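Below: one structure, written as structure tokens.
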There are 2 protein chains.
Amino acid sequence: MDVKFKCNCPFTSALDVVGDKWLLVIVKQMLIEGKETFKDFTEADEAIATNILTAKLKFLEEMGIVIKTQRPDNKKTNLYLLTEKGLALTSVLVELAFWSDKHLRDIHPTIVNGEEMELLRNDKTTFARVIENRYREKLTSLF
Amino acid sequence: MDVKFKCNCPFTSALDVVGDKWLLVIVKQMLIEGKETFKDFTEADEAIATNILTAKLKFLEEMGIVIKTQRPDNKKTNLYLLTEKGLALTSVLVELAFWSDKHLRDIHPTIVNGEEMELLRNDKTTFARVIENRYREKLTSLF
DNA sequence: AATTATTGCTTGCATATCGCCAGCAAAATT
DNA sequence: AATTTTGCTGGCGATATGCAAGCAATAATT
């Protein structure tokens with residue numbers, strides 16, 4: 001379960017790690033929807049099979065994108081949280097959403113389109129910072 | 001060979017299209033390395049099996065990310081070129097490279113690190129614009 | 001004009017990954 | 001003590017990937 005880098009290209013090296021059907025979806029669920037337990041992920045809109053979820057979470061942990069912890073009071077429920085390395089993927093996700101907004105609506109008209117999307121359209125950088133800060137606050141309030 | 005959107009999320013909808021092992025690699029080869037013919041792709045550092053390449057190019061064409069043309073003077077060699085929709089993925093790729101530069105060097109020290117990376121580190125937006133313009137110029141000079 | 005090389009594929013088959021489903025142990029709740 | 005919840009594991013079929021061979025059409029070479 002480790003990475004094989006195809007070459008020394010910085011573009012594709014990222015894809016060697018994160019260019020997978022599920023990894024960025026999981027990161028997005030953590031970052032945007034606040035999902036943090038195994039259960040949370042299985043209940044998401046984009047439902048992942050549990051065996052794959054296990055494998056992907058383990059991989060994300062190995063890569064240092066996610067850390068696995070527990071709540072201070074609960075010995076069973078594991079918490080999966082983004083590290084700085086994981087949080088740094090925010091900009092990638094924001095660019096993906098920006099692209100969807102602009103280029104996918106013709107073939108997928110029901111993509112959500114609310115206030116948040118308005119902010120994203122107007123200022124990607126601020127949008128990314130807001131999301132990152134919200135996650136960081138959540139982290140500090142957890143412990 | 002068409003897309004199934006898992007939900008209405010703008011983040012994951014992009015991944016439904018482009019969150020695949022190869023698609024962004026191909027786009028990057030076109031954008032950064034100027035690859036444009038079937039042969040070009042088969043000779044890349046990140047070599048794709050020809051059957052998969054065929055399938056992926058067809059998909060990118062169906063998605064309107066790439067157009068398939070021919071050189072005015074050559075009836076055999078096909079040209080695969082990025083559309084505006086494809087060019088708009090530049091920012092995503094740039095963010096991926098930025099992330100690699102910052103977070104992947106510890107596990108993959110041989111990632112290229114030259115002048116271009118310096119520019120990328122200093123100003124992502126300019127870097128993206130430079131790449132996009134270079135590609136646009138190439139397009140106009142082609143026809 | 002005939003021969004050879006190149007390009008852009010397709011096909012067959014092996015292997016790897018994905019995805020559904022059932023089940024299960026440990027902890028937590030009732 | 002019994003039940004539920006959480007976090008997983010394993011089996012098995014379906015889909016995707018990867019390697020190799022082959023092949024027709026065009027282009028280049030002789």
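By convention in this document, chain letters (A, B, ...) are assigned in the order of the sequence lines, proteins followed by strands, and residues within each chain are numbered from 1. All figures in this text were calculated on a predicted structure; none of them were measured in a lab. No hydrogens, no waters, no symmetry mates; every other heavy atom, side chains included, goes into these values.
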Review point. What does nucleotides 22-30 of chain C look like as a protein-contact string, B for base, S for sugar-phosphate only, - for none, at under 4.0 angstrom between heavy atoms?
Key: ----BBS--
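- Atom NZ in B/Lys56 sits roughly 16 Å away from atom P in C/dC9 (whole-Å rounding).
- Using a 4.0 Å cut-off between charged side-chain N and carboxylate O, B/Glu118 and B/Arg121 make a salt bridge.
- Ion pairing between A/Glu84 and A/Arg136 holds under the 4.0 Å rule for side-chain N and carboxylate O.
- Put simply, CD on B/Gln70 is 12 Å from C1' on D/dA25, counting in whole angstrom units.
- Remark: A/Glu46 engages A/Lys28 in a salt bridge, criterion side-chain N to carboxylate O under 4.0 Å.
- A salt bridge is absent between A/Lys58 and A/Glu62: the closest approach of a Lys/Arg side-chain nitrogen to an acidic carboxylate oxygen does not fall below 4.0 angstrom.
- Within a 6.0 Å sphere centred on NZ of B/Lys75, heavy atoms belonging to other residues, nucleotides or ligands number 12 at most.
- At whole-Å resolution of the value, CD1 in B/Ile48 and P in D/dG18 are 9 Å apart.
- Whole-Å rounding puts the A/Leu57 CG to D/dT9 P distance at 11 Å.
- Here B/Lys124 does not pair with A/Glu95 in a salt bridge; the nearest charged N to carboxylate O distance is not below 4.0 Å.
- Within residues 12-30 of chain A, the residues having any heavy atom closer than 4.0 Å to DNA chain C are, in order of number, A/Asp20, A/Lys21, A/Trp22.
- In this structure, B/Phe38 atom CZ and D/dA25 atom P are separated by 17 Å, rounded to whole Å.
- Rounded to whole Å, the distance from CZ on B/Arg71 to P on C/dT6 is 16 Å.
- Look at CG on B/Asn78: it is 11 Å from P on D/dT26, rounded to the nearest Å.
- The aromatic rings of B/Phe41 and B/Tyr80 sit perpendicular to each other, their planes meeting at more than 60°, with 30° as the lower class boundary.
- A residue-by-residue look at B/Thr37 and B/Asn51 shows that B/Thr37 has its nearest nucleotide of DNA chain C further toward the 5' end.
- Cation-pi geometry between A/Lys6 and B/Trp22 is satisfied (NZ or CZ under 6.0 Å from the ring centre, within 45° of the ring normal).
- In the model, B/Asn51 has no side-chain atom that pairs as donor or acceptor with a side-chain atom of B/Thr54 under 3.5 Å.
- Closest approach to the A/Ile52 side chain among D/dT17, C/dG19, C/dG8 is made by C/dG19 (side chain taken as heavy atoms from C-beta onward).
- Residue-level contact check: A/Tyr80 touches the backbone only, with heavy atoms under 4.0 Å from sugar-phosphate atoms and none from bases.
- The nearest whole Å value for the distance from the NZ atom in A/Lys68 to the C1' atom in D/dT6 is 12 Å.
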